[in-house]
Amino acid sequence: MKNKFQKLPENFYQRNDVTIISKELLGKFLISDIDGIVTGGMITEVEAYNGISDKASHAFGGRRTNRTETMYGKGGICYVYLCYGIHHLFNVVTNKINIPHAVLIRAIEPIIGIDEMLKRRKKINIQPTLTSGPGSMSSSLGIKTSDSGSDLCGNRIYIEDRGINISDSKIISTKRVGVDYAGKDALLKYRFYIKGNKFISKP
DNA sequence: GTGCGGATGAACT
DNA sequence: GTTCATCCGCACT
């Protein structure tokens, strides 16, 4: 049967304000279809990375390397980065080409293909740790660095609007995690999560 | 060629 | 609450 839910259109990602896009991504569904295995869930926690002026961003100061090149691509693709040699961190690239904005997806609430996600994480029961935290989340969905640059309007990794709307009063905004090195930019409230949801990396 | 730091997670006490 | 595994990519020589 045809999927009745709508993928977010390219122009959703290509707007200028990465913090607005971040907030609107809360409550949307991130879904991966890896070799026919479909897994996914509702986005519960994100962080905004505001391009070349953001010290916490890999693209700070306009730095371009092989790795960060993906962030300079068009809004609507994804940027997957390997951190600490172990963890795959999944980002949504936003804004126009050559403007390296990105939204780090930090946590989702597992909904689709839970058995498969448990298998990938070698777990028996659903716990918040299954998909809370950027490394765990990517691992559950089977996302790897080789998926970097995938088009989110495509059929492998995509984001759907399933009609859930998170009102402003349900959104907590706070400092980002793990970016203390970024000086005053570390104080920016660019982390957003859904109030009261269990699937959050840090309350 | 080489050294070092990192957008973390899990397993401990 | 704390500690530590683990390895790629960047910056520099």
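Rounded to a whole Å, the NE2 atom of A/His88 is 15 Å from the C1' atom of B/dG6. What separates OH of A/Tyr181 from P of B/dG6 is a distance of 7 Å, to the nearest Å. When rounded to the nearest whole Å, the span between CG of A/Leu104 and P of B/dG9 equals 9 Å. A/Asp185 places its CG atom 13 Å from the C1' atom of B/dA7, with the value rounded to the nearest Å. Remark: C1' of B/dT8 and CD1 of A/Ile105 are 17 Å apart, rounded to the nearest angstrom. For the pair A/Gln127 CD and B/dA10 C1', the interatomic distance rounds to 11 Å; values are reported in whole Å. A/His101 places its NE2 atom 18 Å from the P atom of B/dA7, with the value rounded to the nearest Å. Across the protein-nucleic acid pair, A/Arg191 atom CZ and B/dA7 atom P stand 15 Å apart, rounded to whole Å.
Contact check for A/Ile43 versus A/Leu30: side-chain heavy atoms found under the 4.5 Å cut-off.
Residue A/Phe60 is out of contact with every strand shown, counting any heavy-atom pair closer than 4.0 Å. Here A/Arg63 lies in heavy-atom contact (under 4.0 Å) with sugar-phosphate atoms only. Across all strands, A/Leu82 comes closer than 4.0 Å only to sugar-phosphate atoms, never to a base (heavy-atom distances).
Taking the side chain of A/Asn91 as heavy atoms from C-beta on, and the options B/dG9, C/dT6, B/dA7, the nearest nucleotide is B/dA7. Side-chain proximity of A/Ile86 to B/dA7, C/dA5, B/dA10: nearest is C/dA5.
Using Watson-Crick or G-U wobble geometry with both donor-acceptor distances under 3.5 Å, B/dA7 finds no partner in any strand shown.
Taking a centre distance below 5.5 Å and an interplanar angle below 30 degrees as the stacking criterion, A/Tyr84 does not stack against the six-membered base ring of B/dG9.
Heavy-atom minimum distance, A/Gln14 versus A/Lys96: O-NZ, 3.0 Å. Residues A/Tyr79 and A/Thr70 share a closest heavy-atom pair of CD1-CB, 3.8 Å.
In this structure, A/Arg162 forms a cation-pi arrangement with A/Phe29, its terminal cationic atom sitting closer than 6.0 Å to the ring centre and no more than 45° off the ring axis. Cation-pi geometry between A/Arg64 and A/Tyr72 is satisfied (NZ or CZ under 6.0 Å from the ring centre, within 45° of the ring normal).
At the phosphate of C/dC10, OP1 or OP2 sits under 4.0 Å from a side-chain N or O atom of A/Thr65. Under 4.0 angstrom from either OP1 or OP2 of B/dA7 there lies no side-chain N or O belonging to A/His87.
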